[in-house]
Amino acid sequence: MNLQANLVKYAQLILKVGLNIQPGDKLLVRLDEHGLPLAREIARQAYDLSAHDIQLMFQDDGLTLARYLHAPDAAFDRVPGFFADFREAAYLDNYHLLALNAPNPELLKQADPARISRWEKVQSQANERIMKYTMENQVKWSIAALPSPAWAVSVFPQLEEAAAISALWEKIFEATRVNLEDPVAAWEAHQQALARHVDFLNRHHFEKLHYEGPGTDLVVYLPQGHVWKGGASRIPRGDSFMPNLPTEEVFTLPHAHKVDGTLAATLPLSTRGRLIEGLRFTFRDGQVVDFAADSGADIIKGLLDTDEGARRLGEVALVGEDSPIRRTGLLFRNTLFDENASCHFALGQAYAENLEGGSQMDREQQKAAGMNRSLIHVDFMVGGPQLRVTGYTPQGQAVPLLVAGNWVV
Ligand code: ZN
Ligand code: ZN
């Protein structure tokens, strides 16, 4: 593998498909030290595409950890407002957001969990007023990943660090189609396929989906007014962009109170720094009434006990087994990749964008429409070569959607 040549193609994919850079656009790039070589390549190409400016939001795992382990309690009371002011001013001035993630799955292992949740809450309160710029697609934004040494070694524990990093890069390039001759053209074709599936599903207004597979026999009702989404999004002036690289899913929300049957996860779930294997659930009236796991059952119990909505589903996503991520055969231990490798559900919070007019509804209206609410949103994978998903129209017509794990529409 020629890392440098692939970095050039990856940067091009991020700029042309992820952010769809137009002359005069400006960039806010969030990164850490591992992202610098990629960011420099992105800068060269972005300016060639007539971008006007690039500003960094630099982060460092060592500084993050130092804060949790050494800062006084009072340091977690408040986030100064100027950082949100800076971002808001940038968004209003045609800056778009690129996050280059080099995650370290075990970074906060020694940190106090109470401190972490307190700080996350204080930060999200401070950032609430700027969330709308990305959540409502007022600016273009895209998330792409690159290996951190810690992530690479956790995925390839049998390799030396340098070899693990190079192996993970190779899998990232496969998963994002960067290894193909013309990744930008491949993504345009992929986007069209996603849009076809989204259109097909939205045209049929399915009343319910039936999942059948080993350990799975589940009926999931979809609320009236549910909207399937997937692939590219659009800002008000019309530019499309790809929020996640890679992305393979089309997704909507299930009815929080109308899910019945059994469901077996088909891939291990990596969450809270642990690996949960052999996970299975029984649902009645939308609620988990029984569950088991071969390992990590205590983590699942903790998740389910978070709040009332944590025992109900908030997302249903369809992914074909022939996706490039799945073909890597790798468990990435990172949601951006693993969630896009397979059909999945999420326990917990649903997305308002998946409900017609959902963003304008208050909580009671959302609840009445069947949308789940929770503090958690945890995805788990249910796809596989034996999965069959059938949609039922309100008139009772059965329409096969996935057979043997792959799309048949
Ligand atoms: Zn999803
Ligand atoms: Zn999800």
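Each ligand, and each atom within it, is numbered from 1 in the order the structure gives.
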J.: Hey, is the Zn ion (ligand 1) within less than 2.8 Å of some N/O/S atom on Glu315?
T.: yes

J.: Taking just the N, O or S atoms of Glu249, which one is nearest to the Zn ion (ligand 1)?
T.: OE1

J.: For Trp407, is the NZ or CZ atom of Arg196 found under 6.0 angstrom from the centre of its six-membered ring and inside 45 degrees of the ring axis?
T.: no

J.: Less than 3.5 Å apart, which donor and acceptor atoms pair up between the side chains of residues 388-398 and the rest of the protein, not counting sequence neighbours?
T.:
{"residue": "Thr393", "atom": "OG1", "partner": "Gln395", "partner atom": "N", "Å": "3.4"}
{"residue": "Thr393", "atom": "OG1", "partner": "Gln395", "partner atom": "OE1", "Å": "3.4"}
{"residue": "Thr393", "atom": "OG1", "partner": "Gly396", "partner atom": "N", "Å": "3.4"}
{"residue": "Thr393", "atom": "OG1", "partner": "Gln397", "partner atom": "N", "Å": "3.0"}

J.: Will you find, in the side chains of Tyr351 and Glu315, an N or O donor that is under 3.5 Å from an N or O acceptor?
T.: no

J.: Kindly determine whether Leu100 and Ile14 satisfy side chain to side chain contact (heavy atoms under 4.5 Å, CB included), including the steps that lead there.
T.: CA-CA 10 Å; Leu100 297 177; Ile14 288 168; 4.3 Å; yes

J.: Which atom name does Glu339 have for its N/O/S atom nearest to the Zn ion (ligand 1)?
T.: OE2

J.: Decide, counting backbone as well as side-chain atoms, whether His377 has an N, O or S atom less than 2.8 Å from the Zn ion (ligand 2).
T.: yes

J.: Just by distance, with hydrogens left out, do Glu188 and Gln192 show a side-chain donor and acceptor under 3.5 Å apart?
T.: no

J.: I'd like the atom name of the N/O/S atom in Asp379 lying closest to the Zn ion (ligand 2).
T.: OD1

